[in-house]
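So the structure is just underneath, and the comments pick up after that.
Side chains are part of it too, since the values below use all heavy atoms of this structure and drop only hydrogens, waters and symmetry mates.
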2 protein chains.
Amino acid sequence: MARPPQKRRLETRARLLAEAARLVDAQGYAGLRVEDVVEAAGVAKGTLFSHFSDKDGLLAVLIGAEVMRLIDEMENAAPPADLPQLMERLVPLLDFVASDRVIFDLLLRYSGSTGAERDEIVTQGFYRQIDLWAGWIVSMQAAGTVRGDHPPALLAEGIQAFLNQVIAIRFCQGGQPTGTPAEALYPFLAAWLIT
Amino acid sequence: MARPPQKRRLETRARLLAEAARLVDAQGYAGLRVEDVVEAAGVAKGTLFSHFSDKDGLLAVLIGAEVMRLIDEMENAAPPADLPQLMERLVPLLDFVASDRVIFDLLLRYSGSTGAERDEIVTQGFYRQIDLWAGWIVSMQAAGTVRGDHPPALLAEGIQAFLNQVIAIRFCQGGQPTGTPAEALYPFLAAWLIT
DNA sequence: CTGCAAAAGTGACCTTGGTCAATTTAAATA
DNA sequence: TATTTAAATTGACCAAGGTCACTTTTGCAG
């Protein structure tokens with residue numbers, strides 16, 4: 001019989017997440033050290049790894065929460081009527097993922113992972129995203145602003161693909177990126193969604 | 001004045017690469033340990049890191065060489081006349097990248113990186129690939145088997161995007177993947193390249 | 001209240017990638 | 001050939017993530 005977690009455990013987990021978030025806020029994802037997190041939370045190192053599978057597992061919860069927030073935002077906004085409006089809706093998510101290499105790498109690694117019991121928050125976000133976009137596409141297809149000759153799910157996954165492509169290229173280009181991620185994304189989506 | 005590398009250095013580098021390749025062949029990329037490579041090559045650990053920026057740098061050379069070989073193959077084959085033939089040409093590369101998570105992660109991390117002096121073999125491969133595909137697209141556009149309403153370079157980058165998408169999803173799905181990577185790729189390319 | 005079993009937490013220890021001052025080896029020069 | 005200078009290599013050492021046998025705490029049953 002699996003008992004529910006005790007109050008102390010929930011508090012410890014919350015403290016770990018809160019301190020990790022604080023440290024990330026102060027010094028970015030790349031500079032986050034497990035040692036610092038456990039010290040700030042006042043627990044031993046082993047405790048962190050009993051709460052999260054590994055360092056990435058901790059980051060996945062932090063980043064996944066932010067992604068969920070952004071998807072909520074998208075869901076609450078009015079569905080886009082055409083491509084320019086679609087772009088507007090995507091910008092916050094695009095900017096977040098493009099803001100830090102660590103975020104991008106982690107999302108790519110976890111997206112869609114069969115997280116069975118694990119921190120499946122990233123996986124959930126991934127599917128919510130696709131579903132949401134597919135819904136948007138249905139209505140835009142009905143309005144005739146998006147091509148209707150392919151299933152919405154396929155088109156939605158394509159959006160995901162181009163989003164990743166644009167950000168990957170951005171990170172790889174090293175130096176100062178030219179223009180916003182959104183500007184780079186637009187021509188791809190135009191070619192993908194409009195016949 | 002930068003002098004050319006001495007013979008001994010070239011031999012050491014070759015030995016490191018050869019032993020690394022052998023170990024990868026025996027136990028896969030994921031299980032490769034720096035300690036094992038230097039022991040097999042009969043050098044100290046520091047030597048490896050004077051030849052390669054880090055472990056990824058070593059892997060990049062190994063993987064980059066293989067990618068170059070695959071691109072050579074593509075270049076030597078006849079240019080595809082239509083989508084099914086394009087798919088055929090892509091299969092070897094697709095299978096290679098899909099064969100190991102480490103390969104995919106590394107290529108994604110390095111692709112297009114401004115490798116200044118560094119192991120730019122992966123970067124070169126990346127651009128060769130896009131150029132080659134763009135060339136194919138030009139002729140297919142001329143033949144009317146591929147949409148002509150967008151620049152070949154954009155369409156070529158899109159192929160890259162879908163290739164990555166398909167493989168990412170494949171890895172993320174964990175368990176036994178359904179069908180070949182090529183089967184997953186086809187609908188995306190059909191929608192992308194044909195109006 | 002007491003004893004006990006499971007949950008939670010601990011910290012010494014391990015692994016592995018990566019560094020760098022010191023040493024050895026090769027080649028250029030006198 | 002002896003000397004010198006730079007290239008090449010060394011291996012002790014460090015950093016940081018991750019493990020696990022053991023201790024402490026908690027909640028429940030008697």
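- Between the C1' atom of C:dT16 and the NZ atom of B:Lys55 lies a distance of 8 Å, rounded to the nearest Å.
- Distance A:Asp54 CG to D:dT19 C1': 13 Å, rounded to the nearest Å.
- With rounding to whole Å, A:Phe52 atom CZ is found 15 Å from D:dT19 atom P.
- Rounded to a whole Å, the CZ atom of B:Arg8 is 8 Å from the C1' atom of C:dT24.
- Side-chain N/O atoms of A:Thr47 include none lying less than 4.0 angstrom from OP1 or OP2 on C:dA8.
- For the pair B:His51 and D:dA8, the criterion of a side-chain N or O lying under 4.0 Å from OP1 or OP2 is not met.
- Between A:Thr12 and C:dA8 there is no side-chain N or O to OP1 or OP2 distance below 4.0 Å.
- Using a cut-off of 4.0 Å between Lys/Arg side-chain N and Asp/Glu carboxylate O, B:Arg8 and B:Glu11 are scored as not salt-bridged.
- For B:Pro5, the listed nucleotide lying nearest its side chain is D:dA8; candidates were D:dA8, C:dT10, C:dA8.
- Enclosure of atom CD in B:Glu75 by more than 12 non-hydrogen atoms of other residues, nucleotides or ligands within 6.0 angstrom is indicated.
- Of the listed nucleotides (D:dA16, C:dT10, D:dT19), D:dT19 has the atom at the smallest distance from the side chain of A:Phe49.
- Ring-plane geometry between B:Trp192 and A:Phe162 is classed as tilted, the angle between the planes lying from 30 to 60 degrees on a 0 to 90 degree scale.
- Between B:Arg9 and D:dA8 there is a side-chain N or O to OP1 or OP2 distance below 4.0 Å.
- Between the side chain of B:Lys45 and the base of C:dG17, at least one donor-acceptor pair of N or O atoms lies under 3.5 Å.
- Of the two residues contacting DNA chain D, namely B:Gly46 and B:Pro4, the nearest-nucleotide position lying further toward the 5' end is that of B:Pro4.
- Taking a cutoff of 4.0 Å between a charged side-chain nitrogen and a carboxylate oxygen, B:Asp72 and B:Arg128 qualify as a salt bridge.
- The distance from atom CZ of A:Arg15 to atom C1' of C:dG9 is 11 Å, rounded to the nearest whole Å.
- Counting heavy-atom neighbours within 6.0 Å of B:Glu39 CD, excluding the residue itself, gives a total of 12 or less.
- Nucleic acid contact for A:Ser50: none, since no nucleic acid atom lies under 4.0 Å from a heavy atom of the residue.
- At whole-Å resolution of the value, CG in B:Leu10 and C1' in D:dA8 are 12 Å apart.
- The separation between B:Asp56 atom CG and C:dT16 atom C1' is 14 Å, rounded to whole Å.
- Taking atom CG of B:Leu48 as the reference point, atom C1' of D:dT10 lies 13 Å away to the nearest angstrom.
- B:Leu32 comes within 4.0 angstrom of sugar-phosphate atoms only, judged by non-hydrogen atoms across all strands, and of no base.
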